Amino acid sequence: MSQELATTYDPKDVEKKWYKTWEEGKYFAPKKGKQNEGYCIIMPPPNVTGILHAGHALDITTQDALIRFKRMKGYETLFLPGMDHAGISTQAKVEKKLWEERKLTKHDISREEFLEETWKWKEEYGGNIANQQKVMGASCDWDYSMFTLDPEANEAVRKAFVDLYNEGLIYQSDYIVNWDPELQSAISDAEVIHEEVTGAFYHIHYKVADSDILLEVATTRPETLLGDTAVAVNPNDERFNHLIGKKAIVPICNREVPIVGDEHVDIEKGTGCLKVTPGHDFNDFEIGKRHNLEIINILNKDGTLNEHGLEFEGLTCKKARNKVVAKLKELELFVKEEKHKHQVGHGERSGVVIEPMVSKQWFVNTDDMAKASVDAVETDKMRFYPKGWENTYFSYQRNPRNWCISRQLLWGHRIPVFTCKSCDHQWADEGVEPSGCPKCSTKDYSQDPDVLDTWFSSGLWPMTTLGWPNKERMEQRGFTTFYPTSVLVTGFDIIFFWVARMMMMGEKFAGKVPFHKTYIHAIVRDKQGRKMSKSLGNGIDPIEMVDTYGADAFRFTLAAGSGYNRGINLDTERIGGYRNFINKIWNAYRFIQPHLSLAEDDLPTDLDNQEKWILSELNSTAKIMNESIEDFRFDDSCSALYSFIYDSFCSWFIELSKNTLSSDDQGAKTRRATVLKYCFRDIVALLHPFAPFITEELWSDLKNENEDLLISYDYPEYSEAMNYSEEQENMNKFIEIVSNTRFLRQSVNIKPKEEVSLQLFSDEDKLITFLNENIDGIKGLAKAKDVLINKKSEARPEKSIMKATTHTEIFLPLDGVIDLEEQIKRLEKDLTKSQKEYEKYDKKLSNEKFIANAKPEVVAEVKEKANELKEQIDSINDRIKNFKS
RNA sequence: GGGCGAUUAGCUCAGCUGGGAGAGCGCUACCCUUACAAGGUAGAUGUCGGCGGUUCGAUCCCGUCAUCGCCCACCA
């Protein structure tokens, strides 16, 4: 560090310099520490081709703060980074590029060619997000970094798949799935977003065969009648139950279908008659299973009607709907149309309307795994912070549904199921290219064309990244030390997607939960509380924030907003505020630096009471820091640090130290310099997890030659020996006296530089001693040339203005003319305030029930409060009387 | 339809097992005081969403209503 420090802190070079030093010096690598225990956080792998957004920035900040904290505490820490292949979104980007550049779709080129293009894309953009994480200061060990499509990850996926397959937990089935016509793939329930859409109820007449009876059916999707294979009524519905067993005629296609009785039909709802389309409705599919109904798929993969659509073939559902309605009107089978708001599923990625469709897909039976994952949370093997989120988790895991894991995509883990072409045997195989059919040894086999849901590999991530299932790799990457990992940090939106799946997979394959704690952090929103989104254009680019305010300020802002809350409304002005705070620290150091050469290594034994006070405040702060970080209450950590550094240290201790340091008392100067240095060393250490860069920079100047970088230094702990509560109490009174004196000065417009005389009256002996010992401090901070400290029995000065605290009367004698009216007015205002408060306490004390029921310490406290206030009131009253006479 | 959460100073939010409300930002006034104008000193502001209940005492517990979020759900 240069000798001359600039008046403002410039983070740019400092941040680059230290990140490089840490990374090159292998400071992020796990090292055995004094705790002899591992602490590991697996970073939620961001999309490989993504860019860092504000949510990631919060992820990094909280995880890195925890890691840095634990590293300093002496744990063997590993912050393990990685990247996700993000099947759908990456493939979509590559498809877009192919179309824009070469007017090609994925169907125009081979699977191999497409994958080659995707890998190229990955190589080109894959590094971006990691570099951005580095800018944020993430202290990950990049040597551990993994990509979900790395060969090692593939091995884990195949191992898990084959095991589940052989246990019969993975099966293939014709099932109704959410079909995304845009992606032309099945997607999982969780990837479907239900949005309210204004549609209509269309009432249609179905003829009952061999009769004149018309059944009125209501539907929101009339076009699906082309796939109807039944009409259902409730067997208890007296209006219709006599028709059960008869046939109905589906309009347009004139198909004769059975009328079935099914409890699912709600007598009250709609018309009480339900058209049943097992091929395109989840409920109808279930009804179909119960009554053995035929399933007719009327849709192509792109969502248009197929040959079952008859004259509407080739139309989209939306277009077909209008035409079908028109046709029904023509056939005089249309009754009416009512406007209707209902929830319609949309693809999370594609945004298009999801069509329920029956197709052959792979599923995982998660019944038992889900049960185990619920049990783990109920028995506290894994705990949510804040605890309330376990309800969300339970609501998913207590009602597990079949997990559809096959996707009709190209970019992802290929499903390792093979079918023999000669004997038709189907098997799952861990080998990329199996040597042959296990049954007939033929080498002629085909592999299932689908890939796995991204969350299948994500669910294995904590194990995969630590080397599972390869013994050697597990040894090398420290599986036994780091698994189960310490904490998972993530947003609530992926509790089901990710947390639940990791829990299931972890317990299934490692026999242990994948992490002991899950900290669910807030969602970052804009300052008006809106979600950040591209369409609103209200996104905050973390890199831009780092450029403008510095990584430390940005991190501190995010941490200060993070506790057990659900949202952080991020206002760039707040970042500016914390940038100023960082700068304040820089300048506090500029003040201290010239005196450092005086400082000694060990704290002096003859501390004065100002020094005892600041050390005690520091000690309390260390206590709060240790506890709050452990509890993920980063908001508490940041506010405790902020007020200690800003108020206690800068505003009071440094200001008080100016006297001492400019005095001729060499012993006092040395002692003070030593305490200042001691405090500052602890300040940068305490702050390091949140603001790693500036603290490391300042530490390089503060540390002794034989000491290591701050990133590896000890985190300050609370120490009973450093607790000076009496000094803290007296100092608080001292501060109150000085502040009130300043107030008095301003109330009569005394210029800041003008020195005054001051008289204090108190009956607290301990306080009087304390004030006398710190009389130079009062002189310096209240700009007083002389200060008299008296007992209250002494006479008050004539011609003066006065302010009363609960413990001390402050008198400012004045030479000039005093506006008595104004002073009386001010005192009366004080009086009213104190009296009001006093009455509250007095009322309590005169309440017998209070005395009888309240805790004794509360009663004592109230008594003391009342006495103090009484004293203050008397002081003010005396003065008013004096002024008036 | 079910569930969860929120409602506290102009704004964003703390407030642990009930003892009478805090922070940051913003705002006002005065100050370039030799660490810092990205600064200093001082100051103002709250029927703690409404109504009931429990209690000696409620921002905190219970009930209820209102408003706003979010999540889940197959509602034809």
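Proteins get letters first, then strands, A, B, ... in listed order; numbering begins at 1 in each. Here the structure is a predicted model, which is why all the values come from computation and not from measurement.
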Asker: Rounded to the nearest 0.5 Å, what separation is found between the CZ atom of A:Phe240 and the CG atom of A:Leu274?
Answerer: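 It comes to 11.5 Å.
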Asker: Going by the rule ring pair (Phe, Tyr, Trp, His ring centres under 6.0 Å), which residues pair with A:Phe201 if we only count those two or more places apart in sequence or in a different chain?
Answerer: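 By the ring pair (Phe, Tyr, Trp, His ring centres under 6.0 Å) rule, A:Phe201 matches A:His340.
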Asker: Between P on B:C70 and NE2 on A:His521, what's the gap in Å once rounded to a whole number?
Answerer: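 Checked: the NE2 to P distance equals 17 Å.
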Asker: Give one of base, sugar-phosphate or nothing for A:Gly272, where a contact means two heavy atoms less than 4.0 Å apart.
Answerer: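 Base: the residue A:Gly272, judged by heavy atoms under 4.0 Å, touches a nucleobase.
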Asker: Which value, in whole Å, describes the distance between the P atoms of nucleotides B:A38 and B:C68?
Answerer: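 Those two atoms are separated by 43 Å.
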Asker: Among all residues two or more places apart in sequence or in another chain, which pass the salt bridge (charged side-chain N to carboxylate O under 4.0 Å, His left out) test with A:Asp552?
Answerer: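 None.
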Asker: Sugar-phosphate means primed atoms, P, OP1 and OP2; the rest is base. With that split, encode nucleotides 23-37 of chain B 5' to 3' as B, S or - using protein heavy atoms under 4.0 Å.
Answerer: -BS-----S-S-BB-
Asker: Rounding to the closest angstrom, what is the interatomic distance between B:A14 and B:A9 at atom C1'?
Answerer: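 Looking at atom C1' only, B:A14 and B:A9 are 13 Å apart.
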Asker: Please state the C1' separation for the pair B:G50 and B:U7 - nearest whole angstrom.
Answerer: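 Approximately 11 Å lies between the C1' atom of B:G50 and that of B:U7.
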Asker: How about A:Trp389 and A:Phe384: are their ring centroids closer than 6.0 Å?
Answerer: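 No, ring centres 6.0 Å or more apart.
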Asker: Give me the distance, rounded to whole Å, that separates B:U55 from B:G15 when you measure between the P atoms they each carry.
Answerer: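 These two P atoms come out 28 Å apart once rounded.
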Asker: Touch check for A:Asn853, heavy atoms < 4.0 angstrom, all strands: base, sugar-phosphate only, or nothing?
Answerer: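 A:Asn853: base contact, heavy atoms under 4.0 Å.
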Asker: Categorize A:Arg742 for me: base, sugar-phosphate, or nothing, with a 4.0 angstrom heavy-atom threshold over every strand shown.
Answerer: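 Answer is sugar-phosphate: A:Arg742 comes under 4.0 Å of backbone atoms only.
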Asker: Check whether any side-chain nitrogen or oxygen of A:Ser739 sits under 4.0 Å from OP1 or OP2 of B:A42, and answer yes or no.
Answerer: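 Yes, A:Ser739 has a side-chain N/O under 4.0 Å of OP1/OP2 on B:A42.
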Asker: Taking atom CZ of A:Phe492 and atom OG1 of A:Thr392, what is their separation to the nearest 0.5 Å?
Answerer: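 Reported to 0.5 Å precision, the distance equals 8.5 Å.
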Asker: Distance under 6.0 Å and angle within 45° of the ring axis: does A:Arg574 meet both against A:Tyr578?
Answerer: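 Pair A:Arg574/A:Tyr578 does not count as cation-pi.
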Asker: Could you check whether A:Lys844 gets within reach of a base, just the sugar-phosphate, or nothing at all, counting any heavy atom under 4.0 Å?
Answerer: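 Base contact - A:Lys844 has a heavy atom under 4.0 Å of at least one base atom.
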Asker: Pick out the pairs of N or O atoms, protein on one side and nucleotides 13-17 of chain B on the other, that lie under 3.5 Å.
Answerer:
from	atom 1	to	atom 2	distance (Å)
B:C13	OP1	A:Asn569	ND2	3.3
B:A14	O3'	A:Arg633	NH2	3.4
B:G15	OP1	A:Arg633	NH1	3.2
B:G15	OP1	A:Arg633	NH2	3.3

Asker: Do the numbers put A:Lys658 on top of the ring of A:Phe591, so that NZ or CZ is under 6.0 Å from the six-membered ring centre and no more than 45° off the axis?
Answerer: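 Flagged: A:Lys658 positioned over aromatic ring of A:Phe591.
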Asker: Within the 4.0 Å heavy-atom criterion, would you say A:Tyr396 contacts the bases, only the backbone, or no part of the nucleic acid?
Answerer: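 Sugar-phosphate contact only - A:Tyr396 comes under 4.0 Å of backbone atoms but never of a base.
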Asker: Please confirm whether A:Lys803 makes a cation-pi placement over A:Phe743, using NZ or CZ under 6.0 Å from the six-membered ring centre and within 45° of the ring normal.
Answerer: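 Yes, A:Lys803 lies over the aromatic ring of A:Phe743.
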Asker: Any pair with a residue in residues 263-290 of chain A that passes ring pair (Phe, Tyr, Trp, His ring centres under 6.0 Å), sequence neighbours left out, goes on the list, sorted by first then second residue, please.
Answerer: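 Those involving residues 263-290 of chain A are A:Tyr175-A:Phe285.
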Asker: With a sphere of 6.0 Å drawn around CD of A:Glu848, does it hold more than 12 non-hydrogen atoms of other residues, nucleotides or ligands?
Answerer: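 No, not enclosed.
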Asker: Please map the stems of RNA chain B, keeping only stretches of three or more Watson-Crick or G-U wobble pairs with both distances under 3.5 angstrom.
Answerer: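 Ordered by first number, the stems with RNA chain B (at least 3 consecutive pairs each) read B:1-7 with B:66-72, B:10-13 with B:22-25, B:27-31 with B:39-43, B:49-53 with B:61-65.
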Asker: Go through the steps to decide whether A:Glu861 and A:Lys855 satisfy the test salt bridge (Lys or Arg N to Asp or Glu O under 4.0 Å), and finish with yes or no.
Answerer: CA-CA 10 Å; A:Glu861 208 178 298; A:Lys855 280 183 242 165; over 6 Å; no
Asker: So what does A:Phe282 hit on the nucleic acid, given a heavy-atom distance under 4.0 Å: a base, only sugar-phosphate, or nothing?
Answerer: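 No contact.
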Asker: How many angstroms lie between CG in A:Leu698 and CD in A:Gln593, if you round to the nearest 0.5 Å?
Answerer: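 The distance works out to 9.0 Å.
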Asker: Could you tell me whether A:Val862 contacts a base, only the sugar-phosphate backbone, or nothing, with contacts defined as non-hydrogen atoms closer than 4.0 Å?
Answerer: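 Result for A:Val862 = nothing.
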Asker: Please state the P separation for the pair B:A37 and B:A23 - nearest whole angstrom.
Answerer: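 Nearest-Å result for B:A37 against B:A23 at atom P: 25 Å.
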Asker: Quote, to the nearest angstrom, the P distance that separates B:C72 from B:U28.
Answerer: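 The answer is 45 Å between these two P atoms.
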